[in-house]
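Data first, discussion second: the structure below is written as C-alpha coordinates.
Throughout, a chain's letter reflects where its sequence line sits, starting with A, and its residues are numbered from 1.
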There are 2 protein chains.
Amino acid sequence: MGNTHLAESSSVQSVDRALSILEILAQRGESGVTEIAADLGVHKSTASRLMTALLNRGLVDQVSDRGRYRLGLGLVRLAGSVTSSLDAVSGSRAVTKALANEVGETVNIAVLDNNRVLYVDQVIGPSMVSMRSWLGQSVPTHCTATGKVLTAWLDKPERIAARPNSWKKLAPNSITSADALEKELDQVRDRGFAVANQEMESDFMAVAAPIRDEHGEVTAALVISGPASRIKAEDFEVLGQIVKQSASKLSGNPNFWRE
Amino acid sequence: MGNTHLAESSSVQSVDRALSILEILAQRGESGVTEIAADLGVHKSTASRLMTALLNRGLVDQVSDRGRYRLGLGLVRLAGSVTSSLDAVSGSRAVTKALANEVGETVNIAVLDNNRVLYVDQVIGPSMVSMRSWLGQSVPTHCTATGKVLTAWLDKPERIAARPNSWKKLAPNSITSADALEKELDQVRDRGFAVANQEMESDFMAVAAPIRDEHGEVTAALVISGPASRIKAEDFEVLGQIVKQSASKLSGNPNFWRE
DNA sequence: CATAATGTTGCGCCATGGGCAACACTCATT
DNA sequence: AATGAGTGTTGCCCATGGCGCAACATTATG
(Lines give C-alpha, C1' and ligand atoms only; values in the text may rest on other atoms or scores of the structure.)
Protein backbone atom coordinates (compact mmCIF):
# COMPACT_ATOMS: atom_id res chain seq x y z
CA MET A 1 0.00 0.00 0.00
CA GLY A 2 1.06 3.57 -0.38
CA ASN A 3 2.42 2.77 -3.80
CA THR A 4 2.58 5.50 -6.37
CA HIS A 5 0.41 4.06 -9.10
CA LEU A 6 0.58 7.18 -11.20
CA ALA A 7 1.36 6.09 -14.72
CA GLU A 8 4.48 8.20 -15.11
CA SER A 9 4.55 9.44 -18.71
CA SER A 10 4.86 6.60 -21.22
CA SER A 11 7.07 3.80 -20.02
CA VAL A 12 7.29 0.05 -20.12
CA GLN A 13 5.20 -1.56 -17.40
CA SER A 14 7.16 -4.74 -16.87
CA VAL A 15 10.38 -2.81 -16.55
CA ASP A 16 8.71 -0.43 -14.15
CA ARG A 17 7.57 -3.34 -12.03
CA ALA A 18 11.03 -4.86 -12.05
CA LEU A 19 12.51 -1.61 -10.82
CA SER A 20 9.83 -1.47 -8.16
CA ILE A 21 11.09 -4.79 -6.95
CA LEU A 22 14.55 -3.31 -6.51
CA GLU A 23 13.16 -0.47 -4.42
CA ILE A 24 11.09 -2.83 -2.33
CA LEU A 25 14.13 -4.98 -1.69
CA ALA A 26 16.09 -1.87 -0.76
CA GLN A 27 13.51 -1.08 1.90
CA ARG A 28 12.88 -4.54 3.29
CA GLY A 29 16.40 -5.81 2.85
CA GLU A 30 15.30 -9.34 2.01
CA SER A 31 11.97 -10.61 0.81
CA GLY A 32 10.12 -13.50 -0.74
CA VAL A 33 8.35 -13.52 -4.06
CA THR A 34 4.91 -13.73 -2.52
CA GLU A 35 5.03 -10.59 -0.42
CA ILE A 36 6.60 -8.69 -3.29
CA ALA A 37 3.83 -9.84 -5.59
CA ALA A 38 1.33 -8.59 -3.03
CA ASP A 39 3.09 -5.23 -2.89
CA LEU A 40 3.06 -4.89 -6.65
CA GLY A 41 -0.49 -6.13 -6.98
CA VAL A 42 0.45 -8.88 -9.42
CA HIS A 43 0.43 -12.64 -9.41
CA LYS A 44 3.20 -14.63 -7.78
CA SER A 45 4.25 -16.03 -11.12
CA THR A 46 4.73 -12.58 -12.57
CA ALA A 47 6.90 -11.50 -9.69
CA SER A 48 8.88 -14.70 -9.98
CA ARG A 49 9.59 -14.17 -13.66
CA LEU A 50 10.61 -10.57 -13.14
CA MET A 51 12.86 -11.73 -10.36
CA THR A 52 14.67 -14.24 -12.54
CA ALA A 53 15.32 -11.49 -15.05
CA LEU A 54 16.95 -9.44 -12.31
CA LEU A 55 18.76 -12.53 -11.08
CA ASN A 56 20.30 -13.31 -14.45
CA ARG A 57 21.82 -9.87 -14.53
CA GLY A 58 23.10 -10.10 -10.98
CA LEU A 59 21.02 -7.23 -9.65
CA VAL A 60 19.51 -9.55 -7.06
CA ASP A 61 20.88 -12.61 -5.33
CA GLN A 62 18.91 -15.49 -3.91
CA VAL A 63 20.04 -16.09 -0.38
CA SER A 64 19.46 -19.83 0.03
CA ASP A 65 18.96 -21.43 -3.37
CA ARG A 66 15.24 -21.87 -3.15
CA GLY A 67 13.99 -19.01 -1.11
CA ARG A 68 14.23 -15.36 -0.46
CA TYR A 69 15.92 -12.64 -2.47
CA ARG A 70 18.06 -9.65 -1.70
CA LEU A 71 19.76 -6.93 -3.71
CA GLY A 72 22.82 -8.20 -5.54
CA LEU A 73 26.36 -7.17 -6.23
CA GLY A 74 25.63 -6.13 -9.78
CA LEU A 75 24.20 -2.95 -8.30
CA VAL A 76 27.46 -2.14 -6.56
CA ARG A 77 29.33 -2.65 -9.79
CA LEU A 78 26.95 -0.40 -11.69
CA ALA A 79 27.08 2.23 -8.96
CA GLY A 80 30.85 2.28 -9.28
CA SER A 81 30.43 3.33 -12.88
CA VAL A 82 28.00 6.05 -11.84
CA THR A 83 30.27 7.91 -9.49
CA SER A 84 33.25 7.68 -11.77
CA SER A 85 31.24 9.40 -14.46
CA LEU A 86 29.89 12.13 -12.20
CA ASP A 87 31.41 15.40 -13.19
CA ALA A 88 31.95 16.50 -9.64
CA VAL A 89 33.72 13.33 -8.62
CA SER A 90 35.97 12.75 -11.57
CA GLY A 91 39.32 14.28 -11.00
CA SER A 92 38.37 15.44 -7.56
CA ARG A 93 40.52 13.04 -5.60
CA ALA A 94 43.58 15.24 -5.44
CA VAL A 95 41.55 18.11 -4.02
CA THR A 96 39.51 16.07 -1.58
CA LYS A 97 42.57 14.26 -0.31
CA ALA A 98 44.41 17.53 0.20
CA LEU A 99 41.43 18.93 2.05
CA ALA A 100 41.10 15.87 4.26
CA ASN A 101 44.76 16.15 5.06
CA GLU A 102 44.60 19.84 5.83
CA VAL A 103 41.63 19.75 8.17
CA GLY A 104 42.08 16.22 9.43
CA GLU A 105 38.44 15.30 9.03
CA THR A 106 36.25 13.21 6.80
CA VAL A 107 35.46 14.73 3.42
CA ASN A 108 32.42 13.88 1.34
CA ILE A 109 30.91 14.93 -1.93
CA ALA A 110 27.12 14.98 -2.10
CA VAL A 111 24.49 15.76 -4.69
CA LEU A 112 20.79 16.60 -4.57
CA ASP A 113 18.45 13.70 -5.28
CA ASN A 114 14.90 15.05 -5.27
CA ASN A 115 14.44 16.28 -1.71
CA ARG A 116 17.24 14.23 -0.23
CA VAL A 117 21.00 14.59 -0.06
CA LEU A 118 22.94 11.68 -1.52
CA TYR A 119 26.59 11.04 -0.71
CA VAL A 120 28.57 9.89 -3.72
CA ASP A 121 32.23 10.01 -2.78
CA GLN A 122 34.21 10.03 0.40
CA VAL A 123 37.71 10.43 1.77
CA ILE A 124 38.31 9.66 5.39
CA GLY A 125 40.58 12.04 7.21
CA PRO A 126 43.78 11.18 9.05
CA SER A 127 42.21 11.50 12.47
CA MET A 128 40.52 8.15 11.94
CA VAL A 129 37.27 9.07 13.48
CA SER A 130 35.44 7.83 11.51
CA MET A 131 31.78 7.54 11.12
CA ARG A 132 30.47 4.85 8.90
CA SER A 133 30.75 4.97 5.19
CA TRP A 134 28.18 7.42 3.93
CA LEU A 135 28.27 6.29 0.36
CA GLY A 136 24.85 5.75 -1.11
CA GLN A 137 23.19 7.05 2.00
CA SER A 138 20.63 9.80 1.75
CA VAL A 139 19.57 12.31 4.36
CA PRO A 140 17.08 15.20 4.50
CA THR A 141 17.98 18.62 3.16
CA HIS A 142 17.03 20.82 6.09
CA CYS A 143 19.29 19.49 8.83
CA THR A 144 22.57 19.11 6.96
CA ALA A 145 25.20 21.50 5.75
CA THR A 146 25.17 19.76 2.40
CA GLY A 147 21.42 20.08 2.08
CA LYS A 148 21.57 23.80 2.70
CA VAL A 149 24.33 24.29 0.16
CA LEU A 150 22.55 22.25 -2.48
CA THR A 151 19.25 24.11 -2.08
CA ALA A 152 20.29 27.65 -1.19
CA TRP A 153 20.86 28.78 -4.76
CA LEU A 154 17.79 27.10 -6.26
CA ASP A 155 14.79 29.05 -7.51
CA LYS A 156 11.97 29.41 -5.03
CA PRO A 157 9.74 26.66 -6.47
CA GLU A 158 12.67 24.27 -6.62
CA ARG A 159 13.59 25.12 -3.04
CA ILE A 160 10.08 24.30 -1.94
CA ALA A 161 10.16 21.01 -3.81
CA ALA A 162 13.38 20.13 -2.06
CA ARG A 163 11.92 20.59 1.40
CA PRO A 164 11.76 17.58 3.69
CA ASN A 165 8.66 15.47 4.07
CA SER A 166 8.58 16.10 7.80
CA TRP A 167 10.08 18.67 10.12
CA LYS A 168 10.70 16.26 12.94
CA LYS A 169 13.32 17.42 15.45
CA LEU A 170 16.25 15.07 14.91
CA ALA A 171 18.86 16.68 17.16
CA PRO A 172 19.32 19.58 19.59
CA ASN A 173 19.54 22.33 16.95
CA SER A 174 17.35 20.98 14.15
CA ILE A 175 15.54 23.47 11.99
CA THR A 176 11.86 22.71 12.31
CA SER A 177 10.05 25.18 10.08
CA ALA A 178 10.16 26.40 6.50
CA ASP A 179 10.56 30.01 7.66
CA ALA A 180 13.59 29.24 9.76
CA LEU A 181 15.08 27.30 6.89
CA GLU A 182 14.59 30.18 4.47
CA LYS A 183 16.35 32.55 6.87
CA GLU A 184 19.18 30.07 7.20
CA LEU A 185 19.49 29.77 3.42
CA ASP A 186 19.70 33.57 3.15
CA GLN A 187 22.70 33.43 5.41
CA VAL A 188 24.23 30.60 3.39
CA ARG A 189 24.01 32.65 0.20
CA ASP A 190 25.58 35.53 2.07
CA ARG A 191 28.53 33.60 3.42
CA GLY A 192 29.02 31.26 0.50
CA PHE A 193 29.08 28.18 2.71
CA ALA A 194 26.79 26.34 5.11
CA VAL A 195 27.23 24.81 8.52
CA ALA A 196 25.34 22.30 10.61
CA ASN A 197 25.81 22.40 14.34
CA GLN A 198 24.31 19.20 15.75
CA GLU A 199 21.22 19.49 13.61
CA MET A 200 20.97 15.93 12.35
CA GLU A 201 22.48 14.11 15.27
CA SER A 202 24.05 15.41 18.42
CA ASP A 203 27.83 15.68 18.51
CA PHE A 204 27.89 15.92 14.72
CA MET A 205 29.24 19.06 13.05
CA ALA A 206 29.73 19.86 9.38
CA VAL A 207 30.79 22.64 7.03
CA ALA A 208 29.89 22.57 3.33
CA ALA A 209 30.46 24.68 0.21
CA PRO A 210 29.01 24.54 -3.29
CA ILE A 211 30.64 22.96 -6.33
CA ARG A 212 29.43 24.65 -9.50
CA ASP A 213 29.42 23.68 -13.14
CA GLU A 214 30.65 25.87 -15.96
CA HIS A 215 27.38 27.84 -15.91
CA GLY A 216 27.64 28.64 -12.24
CA GLU A 217 24.89 26.21 -11.26
CA VAL A 218 25.40 24.35 -8.00
CA THR A 219 25.74 20.70 -8.94
CA ALA A 220 27.35 19.18 -5.86
CA ALA A 221 28.49 19.98 -2.35
CA LEU A 222 31.85 19.49 -0.72
CA VAL A 223 31.61 18.89 3.00
CA ILE A 224 33.86 18.20 5.95
CA SER A 225 32.40 16.68 9.07
CA GLY A 226 33.43 15.44 12.44
CA PRO A 227 32.53 15.23 16.12
CA ALA A 228 31.88 18.33 18.22
CA SER A 229 34.99 17.51 20.22
CA ARG A 230 37.14 18.49 17.27
CA ILE A 231 35.02 20.91 15.22
CA LYS A 232 33.90 23.91 17.26
CA ALA A 233 31.35 26.54 16.32
CA GLU A 234 34.04 29.22 16.51
CA ASP A 235 36.00 27.38 13.80
CA PHE A 236 33.14 27.62 11.32
CA GLU A 237 34.33 30.81 9.65
CA VAL A 238 37.88 29.56 9.10
CA LEU A 239 36.80 26.12 7.96
CA GLY A 240 34.15 27.64 5.73
CA GLN A 241 36.77 29.62 3.84
CA ILE A 242 38.95 26.53 3.44
CA VAL A 243 36.12 24.38 2.16
CA LYS A 244 34.92 27.16 -0.11
CA GLN A 245 38.34 27.41 -1.68
CA SER A 246 38.61 23.66 -2.25
CA ALA A 247 35.13 23.61 -3.72
CA SER A 248 36.11 26.36 -6.14
CA LYS A 249 38.94 24.22 -7.41
CA LEU A 250 36.43 21.47 -8.16
CA SER A 251 34.05 23.73 -10.00
CA GLY A 252 33.81 23.26 -13.74
CA ASN A 253 35.16 26.67 -14.39
CA PRO A 254 38.73 27.14 -13.22
CA ASN A 255 37.97 30.76 -12.33
CA PHE A 256 36.66 31.27 -8.86
CA TRP A 257 33.07 32.29 -8.60
CA ARG A 258 32.27 35.49 -6.80
CA GLU A 259 29.28 35.49 -4.55
CA MET B 1 28.24 -7.43 -31.65
CA GLY B 2 29.61 -9.83 -29.13
CA ASN B 3 26.30 -9.83 -27.35
CA THR B 4 25.26 -12.88 -25.42
CA HIS B 5 21.99 -13.73 -27.06
CA LEU B 6 21.59 -16.93 -25.12
CA ALA B 7 18.05 -16.93 -23.75
CA GLU B 8 19.05 -17.33 -20.11
CA SER B 9 16.48 -19.64 -18.53
CA SER B 10 12.99 -18.09 -18.58
CA SER B 11 13.01 -14.39 -17.97
CA VAL B 12 11.21 -11.29 -19.10
CA GLN B 13 12.67 -9.93 -22.33
CA SER B 14 11.88 -6.26 -21.90
CA VAL B 15 13.35 -6.25 -18.43
CA ASP B 16 16.39 -8.06 -19.70
CA ARG B 17 16.85 -5.45 -22.37
CA ALA B 18 16.46 -2.65 -19.88
CA LEU B 19 19.16 -4.16 -17.70
CA SER B 20 21.32 -4.54 -20.78
CA ILE B 21 21.01 -0.82 -21.24
CA LEU B 22 22.40 -0.27 -17.76
CA GLU B 23 25.41 -2.43 -18.52
CA ILE B 24 25.99 -0.71 -21.82
CA LEU B 25 25.88 2.66 -20.10
CA ALA B 26 28.30 1.38 -17.48
CA GLN B 27 30.78 0.54 -20.22
CA ARG B 28 30.38 3.55 -22.45
CA GLY B 29 29.76 6.03 -19.70
CA GLU B 30 27.30 8.06 -21.72
CA SER B 31 25.36 7.12 -24.81
CA GLY B 32 22.52 8.05 -27.07
CA VAL B 33 19.39 6.05 -27.73
CA THR B 34 20.36 5.22 -31.28
CA GLU B 35 23.63 3.47 -30.58
CA ILE B 36 22.09 1.60 -27.67
CA ALA B 37 19.28 0.44 -29.91
CA ALA B 38 21.87 -0.79 -32.39
CA ASP B 39 23.66 -2.67 -29.63
CA LEU B 40 20.46 -4.31 -28.47
CA GLY B 41 19.28 -5.03 -31.97
CA VAL B 42 15.98 -3.24 -31.48
CA HIS B 43 14.29 -0.19 -32.91
CA LYS B 44 15.11 3.29 -31.63
CA SER B 45 11.61 3.70 -30.30
CA THR B 46 11.92 0.57 -28.19
CA ALA B 47 15.17 1.72 -26.67
CA SER B 48 13.65 5.12 -26.02
CA ARG B 49 10.69 3.66 -24.16
CA LEU B 50 12.86 1.38 -22.08
CA MET B 51 15.02 4.36 -21.29
CA THR B 52 12.12 6.43 -20.00
CA ALA B 53 11.18 3.57 -17.71
CA LEU B 54 14.69 3.66 -16.27
CA LEU B 55 14.54 7.43 -16.18
CA ASN B 56 11.33 7.53 -14.15
CA ARG B 57 12.98 5.41 -11.48
CA GLY B 58 16.13 7.50 -11.47
CA LEU B 59 18.44 4.70 -12.61
CA VAL B 60 19.53 6.83 -15.53
CA ASP B 61 19.79 10.58 -15.97
CA GLN B 62 19.58 12.53 -19.18
CA VAL B 63 22.54 14.82 -19.37
CA SER B 64 21.22 17.74 -21.39
CA ASP B 65 17.41 17.61 -21.52
CA ARG B 66 17.15 16.40 -25.06
CA GLY B 67 20.09 14.20 -25.61
CA ARG B 68 22.30 11.55 -24.22
CA TYR B 69 21.88 9.39 -21.15
CA ARG B 70 24.11 8.22 -18.37
CA LEU B 71 23.71 6.06 -15.28
CA GLY B 72 21.78 7.80 -12.53
CA LEU B 73 21.90 8.34 -8.83
CA GLY B 74 19.21 5.82 -8.09
CA LEU B 75 21.86 3.18 -8.58
CA VAL B 76 24.05 4.69 -5.91
CA ARG B 77 21.12 4.73 -3.52
CA LEU B 78 20.29 1.11 -4.24
CA ALA B 79 23.92 0.08 -3.95
CA GLY B 80 24.00 1.67 -0.51
CA SER B 81 21.25 -0.71 0.53
CA VAL B 82 23.22 -3.63 -0.85
CA THR B 83 26.36 -3.14 1.14
CA SER B 84 24.52 -2.34 4.33
CA SER B 85 22.74 -5.66 4.04
CA LEU B 86 25.89 -7.63 3.29
CA ASP B 87 26.65 -9.86 6.22
CA ALA B 88 30.34 -9.17 6.07
CA VAL B 89 29.98 -5.41 6.09
CA SER B 90 27.31 -4.93 8.72
CA GLY B 91 28.86 -4.35 12.06
CA SER B 92 32.34 -4.47 10.67
CA ARG B 93 33.19 -0.82 11.04
CA ALA B 94 34.68 -1.08 14.52
CA VAL B 95 37.03 -3.85 13.43
CA THR B 96 38.06 -2.31 10.13
CA LYS B 97 38.67 1.06 11.73
CA ALA B 98 40.81 -0.50 14.44
CA LEU B 99 42.78 -2.37 11.82
CA ALA B 100 43.30 0.72 9.68
CA ASN B 101 44.51 2.53 12.74
CA GLU B 102 46.86 -0.24 13.80
CA VAL B 103 48.60 -0.74 10.48
CA GLY B 104 48.15 2.76 9.13
CA GLU B 105 47.01 1.61 5.71
CA THR B 106 43.86 1.44 3.65
CA VAL B 107 41.49 -1.37 4.58
CA ASN B 108 38.94 -2.88 2.21
CA ILE B 109 36.36 -5.61 2.28
CA ALA B 110 35.84 -7.52 -0.95
CA VAL B 111 33.64 -10.34 -2.17
CA LEU B 112 33.75 -12.73 -5.09
CA ASP B 113 31.58 -11.79 -8.05
CA ASN B 114 31.83 -14.58 -10.62
CA ASN B 115 35.49 -14.51 -11.61
CA ARG B 116 36.17 -11.01 -10.40
CA VAL B 117 36.86 -9.43 -7.04
CA LEU B 118 34.46 -6.69 -6.05
CA TYR B 119 35.25 -4.13 -3.36
CA VAL B 120 32.26 -3.33 -1.19
CA ASP B 121 33.52 -1.35 1.79
CA GLN B 122 36.55 0.73 2.55
CA VAL B 123 38.30 2.57 5.33
CA ILE B 124 41.21 4.77 4.46
CA GLY B 125 44.16 4.60 6.81
CA PRO B 126 45.70 7.49 8.70
CA SER B 127 48.68 7.73 6.39
CA MET B 128 46.50 9.40 3.81
CA VAL B 129 47.97 7.71 0.85
CA SER B 130 45.49 7.07 -0.64
CA MET B 131 44.62 5.41 -3.82
CA ARG B 132 41.28 6.18 -5.31
CA SER B 133 38.09 4.85 -3.88
CA TRP B 134 37.87 1.19 -4.75
CA LEU B 135 34.20 0.88 -4.07
CA GLY B 136 32.30 -0.86 -6.83
CA GLN B 137 35.49 -1.60 -8.69
CA SER B 138 36.25 -5.12 -9.76
CA VAL B 139 39.61 -6.72 -10.49
CA PRO B 140 40.78 -10.19 -11.59
CA THR B 141 41.23 -12.97 -9.06
CA HIS B 142 44.73 -14.15 -9.90
CA CYS B 143 46.76 -11.03 -9.26
CA THR B 144 45.29 -9.80 -6.01
CA ALA B 145 45.58 -10.90 -2.41
CA THR B 146 41.80 -10.71 -2.12
CA GLY B 147 41.30 -12.87 -5.17
CA LYS B 148 43.54 -15.57 -3.79
CA VAL B 149 41.78 -15.54 -0.43
CA LEU B 150 38.33 -15.68 -2.00
CA THR B 151 39.20 -18.62 -4.25
CA ALA B 152 41.71 -20.65 -2.23
CA TRP B 153 39.10 -22.55 -0.23
CA LEU B 154 36.70 -23.20 -3.11
CA ASP B 155 36.18 -26.65 -4.61
CA LYS B 156 38.24 -27.41 -7.66
CA PRO B 157 35.49 -26.78 -10.26
CA GLU B 158 34.59 -23.51 -8.57
CA ARG B 159 38.23 -22.50 -8.50
CA ILE B 160 38.47 -23.13 -12.21
CA ALA B 161 35.33 -21.10 -12.86
CA ALA B 162 36.83 -18.22 -10.92
CA ARG B 163 39.95 -18.07 -13.06
CA PRO B 164 40.61 -14.94 -15.06
CA ASN B 165 39.69 -14.58 -18.68
CA SER B 166 43.25 -13.82 -19.63
CA TRP B 167 46.62 -14.34 -17.99
CA LYS B 168 48.09 -11.11 -19.24
CA LYS B 169 51.09 -9.90 -17.25
CA LEU B 170 49.88 -6.80 -15.46
CA ALA B 171 52.86 -6.05 -13.25
CA PRO B 172 56.37 -7.29 -12.43
CA ASN B 173 55.32 -10.31 -10.38
CA SER B 174 52.00 -11.26 -11.96
CA ILE B 175 51.03 -14.92 -11.93
CA THR B 176 50.60 -15.96 -15.53
CA SER B 177 49.55 -19.59 -15.48
CA ALA B 178 46.94 -21.80 -13.84
CA ASP B 179 49.61 -24.09 -12.42
CA ALA B 180 51.46 -21.27 -10.71
CA LEU B 181 48.17 -20.00 -9.31
CA GLU B 182 47.29 -23.42 -7.88
CA LYS B 183 50.65 -23.61 -6.15
CA GLU B 184 50.12 -20.14 -4.77
CA LEU B 185 46.67 -21.09 -3.47
CA ASP B 186 48.16 -24.13 -1.73
CA GLN B 187 50.40 -21.77 0.14
CA VAL B 188 47.49 -19.49 0.98
CA ARG B 189 45.57 -22.37 2.54
CA ASP B 190 48.71 -23.27 4.47
CA ARG B 191 49.33 -19.83 5.89
CA GLY B 192 45.73 -18.76 6.26
CA PHE B 193 46.29 -15.48 4.47
CA ALA B 194 47.36 -14.23 1.05
CA VAL B 195 49.74 -11.59 -0.20
CA ALA B 196 50.27 -9.75 -3.44
CA ASN B 197 53.66 -8.28 -4.12
CA GLN B 198 53.31 -5.93 -7.08
CA GLU B 199 51.22 -8.41 -9.02
CA MET B 200 48.47 -6.11 -10.25
CA GLU B 201 50.38 -2.89 -10.53
CA SER B 202 53.92 -2.08 -9.58
CA ASP B 203 54.50 -0.44 -6.22
CA PHE B 204 51.26 -1.95 -4.93
CA MET B 205 51.36 -4.42 -2.03
CA ALA B 206 48.49 -6.12 -0.21
CA VAL B 207 47.79 -8.67 2.50
CA ALA B 208 44.38 -10.35 2.81
CA ALA B 209 42.64 -12.88 5.04
CA PRO B 210 39.31 -14.71 4.77
CA ILE B 211 36.06 -13.74 6.50
CA ARG B 212 33.91 -16.81 7.05
CA ASP B 213 30.24 -17.33 7.73
CA GLU B 214 28.85 -19.50 10.50
CA HIS B 215 29.43 -22.62 8.41
CA GLY B 216 33.08 -21.84 7.85
CA GLU B 217 32.59 -20.88 4.22
CA VAL B 218 34.69 -17.98 2.97
CA THR B 219 32.23 -15.20 2.13
CA ALA B 220 34.44 -12.13 2.01
CA ALA B 221 38.03 -10.98 2.27
CA LEU B 222 39.61 -8.40 4.52
CA VAL B 223 42.60 -6.70 2.98
CA ILE B 224 45.15 -4.02 3.78
CA SER B 225 47.06 -2.40 0.97
CA GLY B 226 49.60 0.29 0.38
CA PRO B 227 52.68 1.34 -1.57
CA ALA B 228 55.87 -0.71 -1.56
CA SER B 229 57.58 2.15 0.20
CA ARG B 230 55.63 1.35 3.36
CA ILE B 231 54.69 -2.34 3.06
CA LYS B 232 57.75 -4.57 2.65
CA ALA B 233 57.84 -8.23 1.74
CA GLU B 234 59.52 -9.02 5.05
CA ASP B 235 56.48 -7.59 6.88
CA PHE B 236 54.09 -10.02 5.20
CA GLU B 237 54.17 -12.60 7.99
CA VAL B 238 53.50 -10.10 10.76
CA LEU B 239 50.81 -8.25 8.79
CA GLY B 240 49.25 -11.54 7.76
CA GLN B 241 48.73 -12.54 11.37
CA ILE B 242 47.21 -9.16 12.20
CA VAL B 243 44.80 -9.24 9.27
CA LYS B 244 43.93 -12.86 10.00
CA GLN B 245 43.02 -11.97 13.54
CA SER B 246 40.84 -9.03 12.48
CA ALA B 247 39.14 -11.18 9.87
CA SER B 248 38.36 -13.78 12.51
CA LYS B 249 36.54 -11.16 14.53
CA LEU B 250 34.37 -10.43 11.50
CA SER B 251 33.52 -14.04 10.86
CA GLY B 252 29.95 -15.09 11.56
CA ASN B 253 31.04 -17.38 14.30
CA PRO B 254 32.61 -15.55 17.22
CA ASN B 255 34.96 -18.48 17.74
CA PHE B 256 38.16 -18.26 15.83
CA TRP B 257 38.53 -20.69 13.00
CA ARG B 258 41.48 -23.01 13.08
CA GLU B 259 43.13 -23.74 9.79
C1' DC C 1 3.19 -38.06 8.29
C1' DA C 2 -0.07 -34.54 7.02
C1' DT C 3 -0.91 -29.83 6.23
C1' DA C 4 0.21 -25.39 4.75
C1' DA C 5 3.17 -22.55 3.29
C1' DT C 6 6.61 -21.33 -0.28
C1' DG C 7 8.74 -20.55 -5.35
C1' DT C 8 8.79 -22.37 -10.10
C1' DT C 9 6.78 -23.83 -14.72
C1' DG C 10 3.36 -25.14 -18.95
C1' DC C 11 -0.43 -23.20 -21.07
C1' DG C 12 -3.74 -20.33 -23.28
C1' DC C 13 -5.71 -15.55 -23.98
C1' DC C 14 -5.59 -10.80 -24.19
C1' DA C 15 -3.17 -6.77 -23.15
C1' DT C 16 1.10 -4.71 -24.13
C1' DG C 17 5.17 -3.56 -26.07
C1' DG C 18 7.47 -3.53 -30.58
C1' DG C 19 8.19 -1.74 -35.34
C1' DC C 20 6.99 1.70 -38.54
C1' DA C 21 6.76 6.33 -39.87
C1' DA C 22 5.89 11.09 -39.02
C1' DC C 23 7.35 14.63 -35.92
C1' DA C 24 10.33 18.01 -33.16
C1' DC C 25 14.56 19.50 -32.49
C1' DT C 26 19.87 20.40 -32.56
C1' DC C 27 23.94 20.87 -34.88
C1' DA C 28 27.04 21.18 -39.11
C1' DT C 29 27.77 22.67 -43.45
C1' DT C 30 27.16 25.75 -47.57
C1' DA D 1 19.89 31.88 -43.24
C1' DA D 2 18.67 27.99 -45.18
C1' DT D 3 19.43 23.30 -45.95
C1' DG D 4 20.63 18.76 -44.56
C1' DA D 5 21.56 14.93 -41.78
C1' DG D 6 21.62 13.67 -37.36
C1' DT D 7 19.30 13.02 -33.02
C1' DG D 8 15.23 11.52 -29.53
C1' DT D 9 10.18 11.29 -28.90
C1' DT D 10 5.23 9.99 -29.94
C1' DG D 11 0.55 7.90 -32.30
C1' DC D 12 -0.87 3.99 -34.44
C1' DC D 13 -1.80 -0.95 -35.38
C1' DC D 14 -0.77 -5.65 -35.27
C1' DA D 15 1.30 -9.86 -33.14
C1' DT D 16 4.29 -10.91 -29.88
C1' DG D 17 5.28 -11.45 -25.33
C1' DG D 18 3.73 -11.19 -20.57
C1' DC D 19 0.15 -11.98 -17.44
C1' DG D 20 -3.10 -14.85 -14.65
C1' DC D 21 -4.51 -19.37 -13.81
C1' DA D 22 -3.62 -23.77 -12.04
C1' DA D 23 -0.79 -27.76 -11.34
C1' DC D 24 3.73 -28.91 -9.64
C1' DA D 25 8.01 -29.33 -6.68
C1' DT D 26 9.94 -28.31 -2.57
C1' DT D 27 10.51 -26.89 2.15
C1' DA D 28 8.85 -25.56 6.77
C1' DT D 29 5.54 -26.72 10.61
C1' DG D 30 2.17 -29.15 13.19
Nucleotide D:dT9, atom P - distance to CG of B:Leu54 in whole Å: 12 Å
Note, B:Pro140 side chain near B:Asn115 side chain (heavy atom, < 4.5 Å): no
Under 4.0 angstrom between A:Tyr69 side-chain N/O and C:dT8 OP1 or OP2: yes
Nearest-Å distance for atom pair CG/P, residues B:Leu40 and C:dG18: 10 Å
hbond_proxy A:Ser45 side chain to D:dG20 base (donor-acceptor, 3.5 Å cutoff): yes
Atom-to-atom span, CG of A:Leu55 to C1' of C:dT8 - whole angstrom: 13 Å
Pairing residues for A:Arg163 by the salt bridge (charged side-chain N to carboxylate O under 4.0 Å, His left out) criterion, not counting sequence neighbours: A:Glu182
DNA chain C: 5'-proximal contact among B:Arg17 and A:Val33 (nearest heavy atom): A:Val33
Comparing B:Lys44 and B:Ala47 on DNA chain C - which has the more 5′ nearest nucleotide: B:Ala47
Side-chain-base donor-acceptor pair under 3.5 Å for A:Arg68 and C:dG7: no
Atom-pair distance (CG on A:Asp16; C1' on C:dT16), nearest Å: 14 Å
Among D:dC19, C:dG7, C:dG19, the one nearest A:Thr34 by side-chain distance: C:dG7
Distance, rounded to the nearest Å, where B:Gln62 contributes CD and D:dT7 contributes C1': 14 Å
Least distance between heavy atoms, A:Lys148 atom then A:Leu185 atom: O-CD2, 3.7 Å
d(NE2, B:His43; P, D:dG17) in whole Å: 16 Å
Between P of C:dG7 and CG of A:Leu50, the distance in whole Å: 14 Å
Aromatic B:Trp153 / basic B:Arg212 pairing, under 6.0 angstrom, 45° off normal: yes
C:dG7 base / A:Arg49 side chain donor-acceptor hit below 3.5 Å: no
Spacing between A:Arg70 atom CZ and C:dG7 atom C1', to the nearest angstrom: 18 Å
Sugar-phosphate only, base, or nothing, as touched by A:Ser14 at under 4.0 Å among non-hydrogen atoms: sugar-phosphate
Under 3.5 Å side-chain donor-acceptor pair for B:Thr151 and B:Thr141: no
Phosphate-side-chain proximity, B:Thr46 and C:dG19, N/O vs OP1/OP2 below 4.0 Å: yes
